[in-house]
Amino acid sequence: MDITKETKKYYSEVLQKSSDLKTNACCTLEKIPEHIKDKLKNINKEVKNTYYGCGLVVPDCLKDTKILDLGCGSGRDVFLLSQFVGEDGFVTGIDMTDKQLKIANDNIEYHMNNFGYSKQNVQFIKGNIELLDELNLEENYDIVVSNCVLNLCKNKENVLQNIYNLLNSGGEFYF
């Protein structure tokens with residue numbers, strides 16, 4: 001079985017909405033803090049309804065930072081983090097599924113307008129996180145986040161090395 005093909009098929013063909021997830025094995029039981037709930041309310045329904053992540057990765061002190069989200073799917077966490085980094089910060093999402101990325105890209109303008117931003121502070125890139133070194137990403141991210149997608153990687157050591165290479169000195173990785 002090719003885990004990459006199966007993962008891509010599951011997240012692009014099997015799942016149509018959040019309730020289609022076949023497990024809640026890695027979902028946290030912790031309640032979402034109010035300041036995060038308030039920001040989640042600003043994200044449109046289509047993006048929220050196609051969120052297949054588990055857990056929530058929102059570190060403190062994000063203003064004006066540059067963040068990379070691995071396995072961003074339809075962009076829920078990218079749009080959430082976008083609000084915390086502000087208009088002068090930037091969030092890049094990486095995902096390998098065309099369907100998810102289409103939803104994310106189709107909703108950029110909506111979210112930038114909804115957040116009151118005059119310029120775009122997010123982008124979405126198609127790619128396999130096991131091949132981050134082949135995506136020609138700009139280095140020097142302040143923070144890299146991911147919620148569980150590393151569990152689906154065959155070569156975790158390579159992924160972690162590439163994350164390390166993309167981080168600023170003193171940068172942080174949350175998953």
Side-chain angles (χ1 to χ4, degrees), residues 27-28 30-97 100-150 153 158-175:
C27 293
T28 181
E30 287 184 32
K31 293 193 186 249
I32 297 173
E34 289 302 318
H35 73 284
I36 294 174
K37 279 185 188 177
D38 290 341
K39 303 275 191 225
L40 284 171
K41 291 176 187 173
N42 297 328
I43 298 172
N44 79 14
K45 214 174 245 194
E46 180 183 27
V47 170
K48 287 193 278 193
N49 287 342
T50 53
Y51 173 71
Y52 309 133
C54 55
L56 188 59
V57 183
V58 182
D60 294 329
C61 304
L62 297 177
K63 184 91 173 112
D64 299 335
T65 58
K66 186 174 164 188
I67 300 176
L68 178 64
D69 180 6
L70 303 177
C72 68
S74 62
R76 188 200 76 165
D77 290 352
V78 170
F79 294 124
L80 175 64
L81 294 167
S82 165
Q83 296 172 79
F84 285 102
V85 302
E87 198 167 7
D88 292 326
F90 203 86
V91 186
T92 299
I94 306 288
D95 204 88
M96 67 178 182
T97 55
Q100 292 284 87
L101 289 170
K102 180 172 181 0
I103 293 168
N105 281 307
D106 286 351
N107 283 286
I108 291 173
E109 186 176 346
Y110 168 89
H111 288 97
M112 296 303 104
N113 290 334
N114 196 33
F115 303 159
Y117 294 167
S118 61
K119 64 181 182 179
Q120 183 175 321
N121 76 341
V122 300
Q123 72 173 338
F124 297 96
I125 298 172
K126 183 177 180 178
N128 182 329
I129 69 163
E130 290 191 67
L131 305 171
L132 283 174
D133 54 334
E134 296 178 12
L135 295 179
N136 297 316
L137 296 170
E138 188 177 318
E139 295 178 359
N140 302 318
Y141 287 93
D142 300 302
I143 297 170
V144 175
V145 298
S146 184
N147 52 6
C148 270
V149 75
L150 263 69
C153 295
N158 184 57
V159 174
L160 292 169
Q161 182 62 56
N162 284 322
I163 290 169
Y164 177 81
N165 294 341
L166 290 169
L167 283 168
N168 277 330
S169 177
E172 300 174 347
F173 175 45
Y174 293 86
F175 70 103

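No experiment lies behind these values; they were computed from the predicted model shown.
D95 approaches C72 most closely through the heavy-atom pair OD1-N, 3.4 Å. Considering every non-hydrogen atom in both I103 and S74, the closest pair reads CG2-CB, 3.7 Å. When all heavy atoms of N121 and S82 are compared, the pair lying nearest together is OD1-OG, 2.6 Å. When all heavy atoms of N42 and D38 are compared, the closest pair comes out as ND2-O, 3.8 Å.
Using a 4.5 Å cut-off on side-chain heavy atoms (C-beta onward), I143 and P59 make contact. E46 is listed as a side-chain neighbour of N107, based on a closest heavy-atom distance under 4.5 Å. No side-chain heavy atom of Y141 sits less than 4.5 Å from a side-chain heavy atom of V91. Using a 4.5 Å heavy-atom cutoff, the side chains of L70 and V144 are in contact. Side-chain contact check for L160 versus F173: some heavy-atom pair is nearer than 4.5 Å. At least one side-chain heavy atom of F84 sits under 4.5 Å from a side-chain heavy atom of V58. With contacts defined as side-chain heavy-atom distances shorter than 4.5 Å, the pair T92/I67 does not qualify.
Among residues two or more places apart in sequence or in another chain, the salt bridge (charged side-chain N to carboxylate O under 4.0 Å, His left out) test is passed with K45 by none. In this view, E109 satisfies the salt bridge (charged side-chain N to carboxylate O under 4.0 Å, His left out) rule with no residue, not counting sequence neighbours.
By the 30° and 60° cut-offs, the orientation of the rings of F79 relative to H111 is parallel.
Sorted by first then second residue, the side chain to side chain donor-acceptor pair (under 3.5 Å) pairs that include residues 54-72, not counting sequence neighbours, are K66-E138.
Within 6.0 Å of OH in Y174 there are more than 12 heavy atoms belonging to other residues, nucleotides or ligands.
Judged purely by atom type and a 3.5 angstrom limit, N168 has no side-chain atom pairing as donor or acceptor with the backbone of G170. Judged by distance alone, the side chain of N147 and the main-chain N or O of F175 form no donor-acceptor pair under 3.5 Å. Counting only distance, with no hydrogens or angles, the side chain of N44 and the backbone of V47 share a donor-acceptor pair below 3.5 Å. Without hydrogens or angle criteria, D133 side chain to N162 main chain gives no donor-acceptor distance under 3.5 Å. Between the side chain of Q100 and the main chain of T50, a donor-acceptor pair closer than 3.5 Å is present. Using a distance-only test at 3.5 Å, with no hydrogens or angles considered, a donor-acceptor pair links the side chain of E87 to the main chain of K119.
With values rounded to the nearest 0.5 angstrom, L68 atom CG is found 9.5 Å from Q123 atom CD. Here the CG atom belonging to N128 is positioned 7.0 Å from the SG atom belonging to C153, to the nearest 0.5 angstrom. With values rounded to the nearest 0.5 angstrom, K39 atom NZ is found 11.5 Å from L81 atom CG. Separation of atoms NE2 (H35) and CG (L40) is listed at 10.0 Å; rounding is to 0.5 Å. Taken to the nearest 0.5 Å, the CD1 atom of I125 stands 9.5 Å off from the CG atom of N136.
With hydrogens and angles left out, the side-chain atoms of N165 and E139 include no donor and acceptor closer than 3.5 Å. In this structure, a donor-acceptor pair under 3.5 Å is absent between the side chains of N158 and E130.
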